[in-house]
Amino acid sequence: MSRDFFRRENFLLARSQPDRNGPNRQATGTQSTLQDSQDGCCMEATTTFARGSGSCPILPGAAGLTGVGRGGCSFEPEPDRGGRSGSPAPMLWRLGSGSGALGGSGALATTRRQGPVAAHGRLDRRCRGLLRRAATRAEMMDLEQPRRPVRVRIAPSPTGDPHVGTAYIALFNYVFARKCGGQFILRIEDTDQARSTRQSEEAILRALRWLGLSWDEGPDVGGPHAPYRQSERSAIYQEHAALLVERGRAYLCFCSPERLEASRRERMARGDSHLGYDRTCRGLPRDEAKRRAAAGEPHVVRLAVPESGTTAFVDGLRGRIAVDNATIDDQVLLKSDGLPTYHLANVVDDHLMGISHVVRAEEWIISTPKHLLLYEAFGWEPPAFYHMPLLRNADRSKISKRKNPVSLDYYRDTGIFPEALLNFLALMGFSFGGGREKFSLSEMIEAFDWSRVGTGGPVFDLRKLSWLNGLYLREMSHEELLQRLRAWRLGDEYLRRVLPLLRERIERLDQFIPMAAYFFAGDLEQLDPAQLVPRGRDAAQTAQVLEELVEHLEVEVRGAWSREALEPACRTFCERIGWKTKELFSAVRVALTGRTAAPPLFDTMEVVGKDLCRRRLRLAAQLLSASRSV
RNA sequence: GGCCCCAUAGUCUAGCGGUUAGGACGUUGGCCUCUCACGCCGAAAACGCGGGUUCAAAUCCCGCUGGGGUCACCA
C-alpha cells in the first residue's frame with residue numbers, strides 16, 4: 001500500500017447517517033474527512049460531531065485517551081472548540097504513527113460498536129487495512145461527487161436477440177440517471193459489420209421500450225450528439241485514430257491475421273503466457289508506414305501501450321483496480337475495414353457525448369485500463385466506472401443462451417410483466433433495504449445508492465422471477481389483468497394467426513382451447529419421452545439432434561422466424577445428420593406441441609415464435625437426456 | 001496458463017468488530033379450504049479453508065482453495 005494511494009486532499013468518509021450508531025454516538029450530521037498530513041505518515045480525522053457525544057467515530061472509546069498507542073501511535077482529541085448547544089461542534093482527532101507506517105483508523109468499520117479498541121494501542125497493522133478500506137470507500141464516494149452533469153448510456157451491439165443482460169445494465173444506468181436527474185443515452189455499437197443487423201437493433205429498441213426504460217437521446221429520438229449509431233460515425237473515429245498515430249500513441253500495423261495466428265499458436269505451444277500481439281510493427285518508421293498505407297496495403301491501427309508502469313482506476317463498486325501495463329496488449333483501434341473496434345469507438349463516443357459514468361458489465365473490467373490509456377492519450381478526463389456483476393447460469397458461468405433463456409422476447413412471450421422483470425433484475429445485485437423484495441422502478445430510483453449494489457455474480461433464477469411475477473399479477477385489478485392477457489396472446493392479432501391453423505382440425509368451438517394449448521403455453525408439461533424418439537433411434541441420439549437443431553437454426557435462420565425460412569433450414573439439417581425428414585419432424589412436432597398430431601410444423605413454429613420454440617426444443621432434449629429408458 | 005474480479009443456506013440477499021447470523025425463492029410440515037392455488041403459521045438449510053490483528057472476527061489483514069471474467073481486425 002503506497003502512500004500515493006492516500007494522496008488526496010479530502011476523503012469524505014461518512015455522509016449523514018442519522019443515528020445509525022446507537023445512543024452513544026449521535027452521529028447525526030456526522031461528516032468526517034480524512035486527510036494525510038504533510039509527512040505522509042500521519043492521518044488526521046476531523047469529525048463534526050453532535051455536541052457532547054464525546055466519542056471519536058474513528059476510534060470509539062478513545063475519548064480522553066492520549067498517547068496510549070504503541071510503536072509511536074498516538075491520538076488525541078482536540079479540545080472542544082465550542083459551538084452552540086445542540087449544533088455540531090468540530091472535534092479533531094489526530095492519529096499519528098512515528099514509525100512511518102500509516103496511522104490507523106477504524107473509520108467506518110468501528111464506528112458502530114463501542115469498545116476499548118484504542119486502549120490496546122498497536123494501531124499500525126490493524127489499522128492499515130481499515131484505513132485502506134476507508135480510503136477506498138472515500139475514493140468511491142468521491143466518484144459520486146458531481147463534477148459534471150450525470151450522463152450515462154447503454155450501448156448494445158445489435159448482433160442478436162435483445163439480451164436480458166442488456167436490460168440488466170440498462171436498468172442500472174437508467175435508475176442512476178434518474179436518481180441524479182441526469183440523462184440516459186442509447187447508443188448503437190454496430191461496428192461489427194459482419195454481425196450487426198438493423199433487424200436486431202429494432203428488436204433491442206422494442207424490447208427496451210417494452211420494459212419501460214426510456215432514453216433521452218438515441219438513434220430513434222435523436223439528440224445533440226447525433227448520430228447515435230456508430231456505423232454512421234466512422235469519420236470521427238478515423239480522425240481520432242489518425243490523431244493518436246500523429247502523437248505517437250498509436251501506430252499502423254500491417255501484420256496479416258494469418259501471421260498473427262501462427263505467431264500466437266507458436267507461443268502457445270511454447271507455453272508462453274503472453275499471447276498478445278508481438279509488436280512487430282511497432283518499430284516501423286512512421287513515414288514507411290505511411291507510405292505502405294498510402295500504397296493501399298491493408299493495415300490496422302494499434303494502440304501503443306506503455307511497456308512499463310501500471311494503469312489504475314477506481315471502480316465505483318470495488319475500489320482500486322490496477323493492472324501492469326506490461327500485461328496489456330497493443331489493442332487494435334481501427335480495423336482494416338476502416339471501422340473502429342469497441343475500444344476506440346467507446347472511448348471516443350463516451351467523451352464526445354459527455355458520458356460522466358460508465359456503468360457496464362464486469363467483463364469489461366480488464367479492458368478498462370486500455371480505455372484509460374486512450375483517455376490519457378487524447379488528453380481527456382475519463383468518466384467514473386462502475387462494473388456490474390455478470391448474470392450467471394445455474395453453473396455460475398456467464399449467462400448464455402445455451403443454458404438459459406436470455407432473450408427478452410422469451411420473457412414477454414411467457415407472460416412475464418415488464419415491471420416484474422425489471423424488479424427481478426434489480427434484485428440481482430441491488431438490495432432495496434428492509435428485506436423488501438417487491439418494488440417499482442420509481443421506488444428503486446428513490447432508494448438507489450451504489451452502496452446497495454453488490455459485487456457477487458447472481459444466478460438468474462427463473463422460479464423466483466415467476467413467483468415475483470405472480471405477486472404483480474395478483475395485485476392487478478381484473479380489468480387490468482384482462483388487458484394484459486389481451487396484449488399478450490389473447491388479443492385479436494395473435495388469435496388471427498392461430499385460427500387458420502386450427503379451424504380445419506376442430507368441429508366445435510369447445511375444441512379450440514384444448515387444441516390450441518401449445519400456442520399459449522410456455523414450457524410444455526407432461527411431454528412423453530417415448531413419443532419424442534423416432535422408431536429406430538434412441539433417446540440420447542434424439543436429444544443431441546434436438547440440441548443441434550437449435551444451434552443450426554440459430555445460424556441458418558438469421559432473419560424472420562418464418563415458415564419460408566424454417567422449412568429449408570430444417571430440411572438441410574436432415575441431410576446433414578442423415579435423418580429422414582419424417583423422423584426429425586415428428587420429434588420436433590412432439591417437442592413443440594406435445595402431440596403427434598398438430599398443424600403443419602413450420603406454420604406452428606412460426607406462430608409459436610422463435611424463443612418459445614428454442615426453449616421447448618432444449619427442454620425436450622434435456623428430458624431425453626435425463627430419462628435413461630426409451 | 002498469465003492477468004483481473006468475486007466468495008453468507010440449492011438460489012437471491014441483509015450484515016460494514018460483540019446478532020439466538022435476518023429476509024426472500026425453492027424444499028418441507030401444518031392451518032385455511034369441496035379440490036387446487038393464494039394466504040397464514042412452523043421446520044430443515046449458510047458465514048469455503050488456514051493463519052494473523054483484537055478482550056472479541058461473517059465482518060479487518062495475509063495466504064490458500066474455489067468460482068468467474070479476460071487474453072480477437074466481437075462487442
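Convention: sequence-line order gives letters A, B, ...; per-chain numbering from 1. These numbers come from the heavy atoms of this one structure, side chains and all, not from hydrogens, waters or symmetry mates.
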* **Ring-face cation contact, A/Tyr277 with A/Arg302, 6.0 Å cut, 45° max** => yes
* Expressed in whole Å, how much space separates the P atoms belonging to B/C64 and B/A56? -> 26 Å
* Structure fact -> From CG of A/Asn346 across to P of B/C74 the rounded distance in Å is 15 Å
* Taking atom P of B/G10 as reference, at what distance in whole Å does atom CG of A/Asp395 sit? -> 16 Å
* To do: Check the pair A/Arg229 / A/Ser196 against side chain to side chain donor-acceptor pair (under 3.5 Å), numbers first and verdict last.
  => CA-CA 11 Å; A/Arg229 206 175 273 125; A/Ser196 299; over 6 Å; no
* To do: Could you work out the separation of B/A37 and B/U70 based on their P atoms and round it to a whole Å?
  => 42 Å
* Asked: Quantified in whole Å, what is the P atom distance between nucleotide B/A7 and nucleotide B/G63?
  -> 16 Å
* **Spacing of the P atoms in B/G48 and B/G10 (rounded, Å)** => 11 Å
* **Evaluation steps, side-chain contact (heavy atoms from CB on, under 4.5 Å), between A/Lys438 and A/Asn423** => CA-CA 7 Å; A/Lys438 181 172 178 290; A/Asn423 189 160; 3.7 Å; yes
* **A/Arg267 side chain to A/Ser263 side chain, donor-acceptor N/O pair below 3.5 angstrom** => yes
* Could you measure between the two P atoms, the one in B/G66 and the one in B/C61, and give it in whole Å? => 22 Å
* Structure fact -> Taking a pair to mean Watson-Crick or G-U wobble geometry with both distances below 3.5 Å, B/A45 pairs with none
* **Short side-chain donor-acceptor distance under 3.5 Å, A/Thr455 and A/His387** => no
* When you check the phosphate oxygens OP1 and OP2 of B/A37, does a side-chain N or O of A/Arg474 lie under 4.0 Å from one of them? -> no
* Would A/Val305 and A/Lys370 satisfy side-chain contact (heavy atoms from CB on, under 4.5 Å), going step by step from the backbone distance to the final call? -> CA-CA 8 Å; A/Val305 174; A/Lys370 285 174 195 167; 5.6 Å; no
* Asked: Starting at NZ of A/Lys370 and ending at C1' of B/C4, how long is that distance when rounded to a whole Å?
  -> 12 Å
* Asked: Going by the angle between their ring planes, with limits at 30° and 60°, are A/Phe460 and A/Tyr411 parallel, tilted or perpendicular?
  -> perpendicular
* Just checking A/Val332: base, sugar-phosphate only, or nothing, at a heavy-atom cut-off of under 4.0 Å? -> sugar-phosphate
* Under 4.0 Å between any heavy atoms, over every strand shown, what does A/Thr455 touch: base, sugar-phosphate, or nothing? Just pick one. => sugar-phosphate
* Asked: Counting only side-chain N and O atoms of A/Arg396, is one of them less than 4.0 Å from OP1 or OP2 of B/G66?
  -> no
* Closest to side chain of A/Leu471, choosing from B/G39, B/C12, B/C73 -> B/G39
* Whole angstrom value for the distance that separates C1' of B/U13 from CD of A/Glu437 -> 7 Å
* Asked: Checking all strands, does A/Gly429 fall into the base, sugar-phosphate, or nothing category for heavy-atom contacts under 4.0 angstrom?
  -> sugar-phosphate
* Within the pair A/Ser367 and B/C71, is there a side-chain N or O less than 4.0 Å away from OP1 or OP2? -> no
* Side chains of A/Asn325 and A/Glu307: donor-acceptor distance under 3.5 Å anywhere? -> no
* Kindly determine whether A/Phe430 and A/Phe448 satisfy ring-ring contact (aromatic ring centres under 6.0 Å, His included), including the steps that lead there. => CA-CA 8 Å; A/Phe430 171 77; A/Phe448 187 76; 5.7 Å; yes
* B/C38 versus B/U20 - spacing of their C1' atoms, nearest Å -> 32 Å
* Contacts to RNA chain B from residues 194-201 of chain A, heavy-atom cutoff under 4.0 Å, which residues? -> A/Arg195
* Asked: Expressed in angstrom and rounded to an integer, what is the separation of A/Gln193 atom CD from B/A72 atom P?
  -> 22 Å
* Asked: Between A/Leu465 (CG) and B/G26 (C1'), how many Å, whole number?
  -> 14 Å
* Roughly how many Å is it from CG in A/Leu317 to P in B/U13, rounded to a whole number? -> 13 Å
* Euclidean distance for P, B/U59 against B/U27 (whole angstrom) -> 33 Å
* Which value, in whole Å, describes the distance between the P atoms of nucleotides B/C73 and B/C60? -> 40 Å
* To do: Could you check A/Ile321 against A/Ser431 and say which one's nearest nucleotide on RNA chain B is further toward the 5' end?
  => A/Ile321
* To do: Could you check whether A/Ala155 gets within reach of a base, just the sugar-phosphate, or nothing at all, counting any heavy atom under 4.0 Å?
  => nothing
* Asked: Closer to the 5' end of RNA chain B via nearest nucleotide, is it A/Arg392 or A/Glu189?
  -> A/Arg392
* To do: Could you check how far CD of A/Glu363 sits from P of B/C3, rounded to whole Å?
  => 21 Å
